[in-house]
Amino acid sequence: MIPPTVPVWAIWLNTLWFSSLVLSLSSASVGILVKQWLNEYQSGLSGDSQHIAYLRQHRLNNLKRCHVGSIVGAIPILLQAALTLFLAGILILLWNLHHTVAAVTSGFIAAIVSFIIITTVLPRMTTRCAFVSPQSLALHALWAY
């Protein structure tokens, strides 16, 4: 039996949407893990203040050594990547179904993508910007590299 022919756009659509799904579920799972780690950081603290301070510092050093801050910073980046892939899939689907719907939706997607790009790049341009985010810090680190 010959398998049915699948249009190239349908392959792209499924690739983008399933990749988006994997990234968004991964960000949720990582977020849950980080929440559990931070709960453990605060649990079981009893005794005198010197012992508590020692224990908290020991746990904080472990969180820093394991780069938990970088992991937390990666979560919004994963979500942004998932959103980008999902929106790209929507555009592929709509441009293959109906041009008017696709054009209107493209305008809305262009507006949100422009906003995200501007608020990500702007902190690199000026130090007086309040839009600092993990994405903008990652971009800053890439430019410095």
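All values below were derived from every heavy atom in this structure, side-chain atoms included, with hydrogens, water molecules and symmetry-related copies excluded.
Residues passing the side-chain contact (heavy atoms from CB on, under 4.5 Å) test with Val121, sequence neighbours excluded: Ile117, Met125, Leu139, Trp143. Scored by the side chain to side chain donor-acceptor pair (under 3.5 Å) test, Asp48 finds no partners at all (sequence neighbours excluded). The ring pair (Phe, Tyr, Trp, His ring centres under 6.0 Å) search around Trp95 returns His99, not counting sequence neighbours. Checked against side chain to side chain donor-acceptor pair (under 3.5 Å), Gln36 has no partners two or more places apart in sequence or in another chain. For His140, there are no ring pair (Phe, Tyr, Trp, His ring centres under 6.0 Å) partners two or more places apart in sequence or in a different chain. Not counting sequence neighbours, the partners of Thr126 by the side-chain contact (heavy atoms from CB on, under 4.5 Å) test are Arg128, Cys129. Evaluation of the side-chain contact (heavy atoms from CB on, under 4.5 Å) rule for Leu55 yields Leu45, His51, Arg59 as partners, not counting sequence neighbours. Here Val6 pairs with Ala10, Ile11 under the side-chain contact (heavy atoms from CB on, under 4.5 Å) rule; sequence neighbours left out.
Atom NE2 of residue His98 and atom OG1 of residue Thr105 lie 11.0 Å apart, to the nearest 0.5 angstrom. Between atom CG of residue Leu38 and atom CD of residue Glu40 there is a gap of 10.5 Å, rounded to the nearest 0.5 Å. From Leu94, atom CG reaches atom CG of Leu97 across 6.5 Å, with rounding to the nearest 0.5 Å. Remark: Ile109 CD1 to Leu91 CG distance equals 4.0 Å, nearest 0.5 Å. Atom CD1 of residue Ile92 and atom CH2 of residue Trp12 lie 7.0 Å apart, to the nearest 0.5 angstrom.
Under the side-chain hydrogen bond (donor to acceptor under 3.5 Å, both in side chains) criterion, no residue pair touches residues 14-31, with sequence neighbours excluded.
Panel note: side chain Thr119, backbone Ile116; a donor-acceptor pair is recorded below 3.5 Å.
Transitive grouping of hydrophobic side chains (ILVMFWY, heavy atoms separated by less than 4.5 Å) brings Val113 and Leu16 into a common cluster.
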Pairs of donor and acceptor atoms involving the side chains of residues 63-86, under 3.5 Å and at least two apart or interchain, shall be tabulated with distances.
unit_1	atom_1	unit_2	atom_2	d
Arg65	NH2	Asn62	OD1	2.9
Thr84	OG1	Gln80	O	2.9

List the steps and the verdict of side chain to side chain contact (heavy atoms under 4.5 Å, CB included) for Leu93 and Trp9. CA-CA 8 Å; Leu93 176 65; Trp9 68 266; 3.8 Å; yes

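Between Leu87 and Ile90, the closest side-chain pair of non-hydrogen atoms falls below 4.5 Å.
With a 4.5 Å cut-off between side-chain heavy atoms of Ile, Leu, Val, Met, Phe, Trp and Tyr, the cluster of Leu137 takes in Val132.
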